[in-house]
Structure formats: structure tokens, C-alpha cells
Amino acid sequence: MYWNERYECMPEEELRELQLERLQATVKRAFFNVPFYRKAFQAIGLEPGDIKSLDDLHKLPFTTKQDLRDNYPFGMFAVPMSEVVRIHSSSGTTGKPTVVGYTRHDIDVWAELMARALVCGGTTRHDIIQNAYGYGLFTGGLGIHYGAERLGASVIPISGGNTKRQIMIMKDYGSTVLTCTPSYALHLAEVMAEMGVSPGELKLRCGIFGAEPWSENMRQEIEKRLGISAVDIYGLSEVIGPGVGIECQEKNGLHVFGDHFLVEVIDPVTEKPVPPGQLGELVITSLTKEALPVIRYRTRDITSLIPGTCSCGRTYVRVARFTGRTDDMLIIRGVNVFPSQVESVLLEMGGTEPHYLLIVDRQGALDTLEVKVEVSDSLFSDKVRGLEELEKRLVNELESTLGISVKVTLVEPKTIERSEGKAVRVIDKRKI
């Protein structure tokens with residue numbers, strides 16, 4: 001049930017003492033070794049010695065992705081390059097990529113956290129893990145890989161793509177655990193059906209999916225189509241990669257490994273903490289990273305703190321599954337819209353496939369939202385009247401959920417482009 005019971009079930013007071021000790025060490029490391037942090041501290045008159053308790057966390061300045069880009073490539077590193085044994089980076093699709101470095105100790109910690117996460121998600125050393133996260137500069141593939149080896153499980157480093165081969169290997173090798181993005185898991189299920197492969201022919205029993213927000217309804221869809229138990233995993237390159245937090249089998253929030261990360265949820269506008277249960281932006285402070293310590297890193301991910309303790313026995317803080325990102329959030333006619341809201345409606349309604357595209361445009365001074373969604377094979381071959389009724393029901397439900405007018409366009413099955421990594425859900429033409 002646990003990989004490291006001592007830390008996973010540590011009493012709250014003992015955990016807080018450990019967090020403070022590690023926070024103070026991280027603050028000193030950042031101040032004395034990273035010019036960016038030294039300047040940021042001095043700008044507000046803060047010394048490392050001013051952090052005397054966890055309540056002083058709010059005194060520390062925020063760090064943003066732009067700060068990492070401004071110090072591209074290695075300006076945020078707290079150790080000399082001779083101590084950096086691994087470099088990862090983001091895709092850099094919106095400017096310079098963010099670059100992250102790891103010492104040998106960082107890699108060891110990462111492997112330990114991922115082993116802990118895999119066990120929390122339902123994996124054992126007897127499993128065969130089909131790792132369909134991308135390998136390379138993206139942290140997902142290698143993070144899962146090292147954790148699986150630390151656990152002692154068998155890992156298939158298949159990476160993403162070549163979907164029919166994925167299914168052949170899944171069947172022939174007897175894969176029991178699948179790791180990939182949730183959108184790719186759905187694509188695998190779709191291609192399986194096309195190949196005439198049923199879930200009963202496979203040995204898959206669980207899946208660990210992350211790297212993009214996904215709804216509870218999508219979880220149910222994946223579980224039904226693949227015949228598995230699916231859990232959500234969370235991480236981001238700037239902090240360490242996958243392994244920051246994960247759901248246990250209770251599926252009631254993601255346990256954040258508090259001996260290595262301090263988390264806050266803030267109002268993204270006021271930058272003040274919000275109470276448990278209220279949505280806000282997740283902020284993370286690393287406590288053990290050597291090469292790239294991050295202090296109050298604004299993730300842009302939207303979630304909430306979950307009050308109370310989990311029945312699994314772990315004592316870590318839990319955060320709710322992510323609804324989206326502040327930078328993915330669409331503001332349409334003054335209303336905040338997240339793709340996950342649309343996804344939930346589509347999956348609840350039935351008659352459609354879980355593949356959709358949001359197209360935002362502007363006519364004159366008015367923003368418009370079009371939702372393109374694939375119709376299921378059975379309904380598409382049905383009478384036109386049935387399609388018209390489905391379209392009308394979708395419009396009514398979406399407008400009720402989102403609070404704005406919506407145009408729904410039903411398209412043929414398999415016409416919306418599939419993704420082997422993070423799914424592209426939004427085209428915002430207002431920016432063109």
C-alpha cells in the first residue's frame with residue numbers, strides 16, 4: 001500500500017518541522033547561489049534568516065515561468081554545471097523554453113518520488129508498465145521510467161505514437177499498467193476497437209494518466225473503454241517533473257508529497273491565499289531540489305485544497321483534480337470558460353465521442369464560441385432528425401453550464417485530429 005510509509009504517513013507536526021528545516025535550507029541555497037533570487041529578496045528587504053516558521057512563506061517572492069525564460073538557459077541553476085547530470089526543458093512553443101537541471105541527488109530523489117507515486121496509484125513490482133509518455137527533453141517518459149525501475153517493475157519504454165504497434169505490444173507482452181496522457185489513452189481505446197481488440201484480451205488493470213487536465217467523466221469513459229482503474233498524476237518540469245502528486249485508490253484528490261514540496265492555493269488576481277475548497281492557482285515551493293530550487297512557483301494550474309485526511313492513511317495535503325489553467329482559461333464575453341467544463345457536458349450527454357474542439361472568434365465587438373464535436377458512429381448513420389435533436393440538447397446544456405451562447409457543430413467520427421501527447425482543445429482566432 002505504501003512505498004515509504006515513514007514519510008507518507010508522517011504525523012502532521014513532525015512533517016511541518018521537516019518542511020521548515022528544508023524550506024530554510026532551500027531559501028539559503030537560492031539566496032547565495034542564484035543571482036535572480038538574491039536580487040528578488042533584496043528588492044523587498046528580505047534575508048534568509050527572516051524565514052523562522054512556515055507562516056513566513058508568504059513573505060517570499062513568487063517565481064513565474066517568465067522568470068525562468070528571462071534567465072535562459074542556466075541562470076536559475078544553484079549549482080555549477082559540473083554538478084548538473086541531466087537537463088530537461090519544455091517545448092518552448094510560446095517563446096524560449098524553460099530549462100531545468102538535475103544533480104545526481106535530484107535524479108535519485110525523482111526516482112524515489114516516482115516509485116512512491118506508482119505504488120500510490122496502484123502499481124506493484126510485479127507489474128509490466130507500458131510507458132507511452134514521450135521520452136526526450138519532456139520529463140514525463142524518463143520520470144516514469146526511473147520510478148518504475150526503482151520500484152522493481154518491468155517497464156516497456158515505448159514512448160508515444162505508433163498506436164497499432166502499442167496495442168500489439170500491450171497484448172503480446174501482457175502489459176498491466178498503462179502510463180500516458182488521458183487523451184492518448186482514449187485514442188488507444190478507439191484504435192483497439194477498430195482493430196477488433198477487446199479489453200478482455202489484455203491484461204491491463206490500471207492506468208496512470210496526466211500532463212493535461214481531464215474530467216471525472218473522461219475518467220469514467222477511459223475506465224469503461226479500457227476496462228481499467230484510472231488515476232490522475234501531477235507534476236511539472238519546472239518543479240521536478242511527474243511525481244509531485246498523485247491520486248491513491250480512493251480517487252479523492254491528489255496527495256502532494258509534502259516532504260519535498262510546499263503547496264499553496266492563491267487567488268490569481270489578488271495573489272492572496274484562498275480557503276480550502278475554493279478554486280485558485282496552485283503555487284509550489286520545492287524543498288529538496290539542488291540544481292534548480294524554485295520558490296513559490298506560480299504553476300497557473302487551477303485547483304483547490306481538500307480539507308480533512310484521506311482514508312488511505314497518507315497524511316499529505318491533497319489538492320482537487322485540476323480544472324484547467326489560468327493561461328488556458330478562455331474569457332468569453334466576461335465569462336471564464338474551461339475546456340474541461342465542455343468535456344464534462346459532452347460525456348454526460350451521450351451520442352458523441354470524447355473528441356472536441358473549441359473555436360473562439362470575434363464578430364464585430366462580440367466574442368463567439370463554436371464547439372465542434374464528433375458524433376458517435378451509431379448516431380451519425382441515423383436519421384437527420386436525431387442529429388438535430390442532439391445538437392439542440394447540446395446547445396441547451398452547454399449554454400446552461402457556461403452561461404454564454406454557444407454554436408454546436410456536429411462532425412463525422414474520426415475527423416478531429418488525434419493527439420499522441422497533450423491534446424489541442426482550443427483555437428482562439430481572436431489572437432490572430
Side-chain angles (χ1 to χ4, degrees), residues 16-90 92 94-110 139 235-241 244 256-266 268 270-273 281-301 327:
R16 287 180 63 84
E17 290 176 3
L18 178 64
Q19 288 175 329
L20 176 58
E21 176 187 325
R22 290 180 169 179
L23 174 64
Q24 290 171 328
T26 292
V27 168
K28 288 178 182 177
R29 183 183 306 119
F31 182 86
F32 290 110
N33 297 298
V34 183
F36 165 80
Y37 279 123
R38 185 160 56 253
K39 291 176 183 176
F41 282 27
Q42 290 173 341
I44 58 176
L46 187 69
E47 298 269 340
D50 295 334
I51 305 303
K52 302 182 186 304
S53 75
L54 293 180
D55 294 334
D56 293 328
L57 183 64
H58 74 278
K59 296 179 180 179
L60 296 166
F62 290 108
T63 310
T64 67
K65 178 169 283 194
Q66 190 58 48
D67 293 328
L68 272 65
R69 287 177 174 152
D70 290 345
N71 288 277
Y72 174 89
F74 308 135
M76 297 290 282
F77 287 7
V79 297
M81 287 303 296
S82 59
E83 295 181 25
V84 175
V85 300
R86 175 89 64 79
I87 297 172
H88 282 282
S89 76
S90 68
T94 56
K96 289 285 190 181
T98 56
V99 179
V100 294
Y102 300 77
T103 64
R104 290 190 184 279
H105 178 261
D106 290 335
I107 294 292
D108 188 58
V109 167
W110 193 16
T139 54
L236 60 170
S237 298
E238 297 88 345
V239 175
I240 199 169
V244 173
V256 176
F257 299 132
D259 49 327
H260 293 272
F261 311 103
L262 270 177
V263 295
E264 310 164 74
V265 175
I266 66 167
T270 67
E271 299 183 343
K272 301 297 183 184
E281 178 185 346
L282 184 68
V283 174
I284 302 178
T285 299
S286 65
L287 298 177
T288 53
K289 278 292 296 288
E290 290 183 341
L292 183 72
V294 290
I295 293 173
R296 302 194 79 194
Y297 183 73
R298 295 190 61 167
T299 68
R300 304 297 180 186
D301 291 317
D327 50 6

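Just so you know, these numbers use all the heavy atoms, side chains as well, and skip hydrogens, waters and symmetry mates. Computed from a prediction, not measured in an experiment: that's the story for all the values here.
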Legend entry - Criterion side chain to side chain contact (heavy atoms under 4.5 Å, CB included) on Thr139 and Trp110, from CA distance to verdict: CA-CA 11 Å; Thr139 54; Trp110 193 16; 3.9 Å; yes
Identify all side-chain donor-acceptor contacts of residues 78-86 below 3.5 Å with residues at least two apart in sequence or on another chain.
residue: Arg86; atom: NH1; partner: His88; partner atom: NE2; Å: 3.0
residue: Arg86; atom: NH2; partner: Tyr146; partner atom: OH; Å: 3.0

Inset, instruction - With sequence neighbours excluded, tell me which residues meet side-chain contact (heavy atoms from CB on, under 4.5 Å) with Phe62. - result: Ile266, Glu271, Val283, Arg296, Arg298
Inset, instruction - Check His105 against Glu290 and note the closest heavy-atom contact, atom names and distance. - result: CB-OE1, 3.4 Å
Legend entry - Side chain to side chain, Ile295 and Phe41, heavy atoms closer than 4.5 Å: yes
Legend entry - Contact summary for Pro293 and Ser286, nearest pair of heavy atoms: CA-OG, 3.5 Å
Inset, instruction - Please tell me if the side chains of Leu23 and Thr285 come closer than 4.5 Å, counting only heavy atoms from C-beta onward. - result: yes
Legend entry - Nearest-0.5 Å distance, CD of residue Glu264 to CG of residue Leu57: 4.0 Å
Legend entry - Evaluation steps, side chain to side chain contact (heavy atoms under 4.5 Å, CB included), between Asp259 and Arg22: CA-CA 8 Å; Asp259 49 327; Arg22 290 180 169 179; 3.7 Å; yes
Legend entry - Close side-chain approach of Ile284 and Val294, heavy atoms under 4.5 Å: no
Legend entry - Separation between NZ of Lys39 and CD of Gln42, rounded to the nearest 0.5 Å: 9.5 Å
Inset, instruction - To the nearest 0.5 Å, tell me how far Leu236 CG sits from Tyr297 OH. - result: 6.0 Å
Inset, instruction - Supply the atom-to-atom distance Thr64 OG1 to Arg300 CZ, rounded to the nearest 0.5 angstrom. - result: 7.0 Å
Legend entry - Nearest atoms (heavy-atom pairs only) where Thr288 meets Thr26: N-OG1, 4.3 Å
Inset, instruction - Step by step, work out the side chain to side chain contact (heavy atoms under 4.5 Å, CB included) result for Leu292 and Phe77. - result: CA-CA 5 Å; Leu292 183 72; Phe77 287 7; 4.1 Å; yes
Legend entry - Nearest non-hydrogen partners of Asp106 and Ala291, listed with the distance: OD2-N, 3.0 Å
Inset, instruction - Applying side-chain contact (heavy atoms from CB on, under 4.5 Å), name anything that partners Gln19, two or more places apart in sequence or on another chain. - result: Leu15, Arg16, Leu54, Leu262, Leu287
Inset, instruction - Return the minimal non-hydrogen interatomic distance between Ser89 and Val99, and the atom names on each side. - result: CB-CA, 4.1 Å
Inset, instruction - Nearest 0.5 Å please: distance from the CE atom of Met76 over to the CG atom of Asn71. - result: 5.5 Å
Inset, instruction - Heavy atoms only: give me the nearest Pro268-Glu281 pair and the separation to one decimal. - result: CB-OE1, 3.6 Å
Legend entry - Thr299 (side chain) donor-acceptor with Leu282 (main chain) under 3.5 angstrom: yes
Inset, instruction - Answer yes or no: is there a side-chain heavy-atom contact under 4.5 Å between His58 and Lys272? - result: no
Inset, instruction - Rounded to the nearest 0.5 Å, what's the gap from CD on Gln24 to OG on Ser53? Could you check? - result: 9.0 Å
Inset, instruction - Kindly indicate whether the side chain of Phe31, heavy atoms from C-beta on, has any atom under 4.5 Å from the side chain of Leu46. - result: no
Inset, instruction - State, without any angle test, whether Thr63 and Tyr37 hold a side-chain donor-acceptor pair at a distance under 3.5 Å. - result: yes
Legend entry - NZ or CZ of Lys289 within 45° of Tyr102 ring axis and under 6.0 Å: yes
